[in-house]
Amino acid sequence: MNLFILEDEITKLLRKLERSAFDLKSKMDNKTSIEIVRGRLEVFYTNYEDLLSKIHPDIVKKTNLSRHVSFLKKYIESDQVENTYKDIEVPAGIYGVVLSSEATSYPIYSKLRKSGS
């Protein structure tokens with residue numbers, strides 16, 4: 001696959017994940033019912049898995065993204081939304097899932113490019 005096509009695909013997946021992370025965070029901030037939060041978690045997790053399918057596993061291991069997503073899922077599924085705020089911030093911003101004009105500034109994206117995958 002052409003690297004530029006892959007970059008464009010990853011950029012789209014990062015933005016999709018970012019939007020679903022902010023949507024999930026918004027529901028959590030507004031103390032929306034746990035059923036709705038869980039529904040948003042499913043959308044978020046699907047977007048996360050889509051992103052992982054395009055990124056080499058070694059790259060993901062170099063970030064804390066998987067760890068935070070794992071905790072996020074665990075706590076929401078056990079009705080402990082209050083314990084997830086630090087974990088939702090990671091996919092919503094720290095690792096570059098923030099909507100911006102340049103996806104190439106994302107640390108996870110940069111690691112992908114450096115690896116040549």
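- The distance from the CG atom of Asn30 to the CD1 atom of Ile36 is 11.0 Å, given to the nearest 0.5 Å.
- Considering only residues two or more places apart in sequence or on other chains, Lys12 meets the salt bridge (Lys or Arg N to Asp or Glu O under 4.0 Å) condition with Asp8.
- Remark: Tyr45 pairs with Tyr48 by the ring pair (Phe, Tyr, Trp, His ring centres under 6.0 Å) rule, at least two apart or across chains.
- Between Phe71 atom CZ and Ser66 atom OG the span is 12.0 Å, to the nearest 0.5 Å.
- Under the side chain to side chain contact (heavy atoms under 4.5 Å, CB included) criterion, Glu77 pairs with Leu41, Lys73, sequence neighbours left out.
- Each of Leu72, Ile76, Asp23 was compared with Phe44 under the side-chain contact (heavy atoms from CB on, under 4.5 Å) criterion, and only Leu72 meets it.
- Closest non-hydrogen pair, Thr84 versus Val81, comes out as OG1-O, 2.6 Å.
- Partners of Gln80 according to the side-chain hydrogen bond (donor to acceptor under 3.5 Å, both in side chains) rule, which considers only residues two or more places apart in sequence or in another chain, are Ser78, Asn83.
- The closest side-chain heavy-atom distance from Leu13 to Asn47 is not below 4.5 Å.
- Using a 4.5 Å heavy-atom threshold, the side chains of Met28 and Thr32 count as separate.
- Applying the side-chain hydrogen bond (donor to acceptor under 3.5 Å, both in side chains) criterion to Asp50, with sequence neighbours excluded, gives no partner residue.
- The closest donor-acceptor contact from the side chain of Thr46 to the backbone of Glu42 lies under 3.5 Å.
- Distance check, rounded to the nearest 0.5 Å: CZ of Arg15 to OG of Ser20 gives 14.0 Å.
- Residue pairs meeting the salt bridge (Lys or Arg N to Asp or Glu O under 4.0 Å) criterion with at least one partner in residues 26-39, sequence neighbours excluded, are Lys25-Asp29, Arg38-Asp79.
- Leu52 and Leu17 fall within the same hydrophobic cluster, defined by Ile, Leu, Val, Met, Phe, Trp and Tyr side-chain heavy atoms under 4.5 Å apart, directly or through other members.
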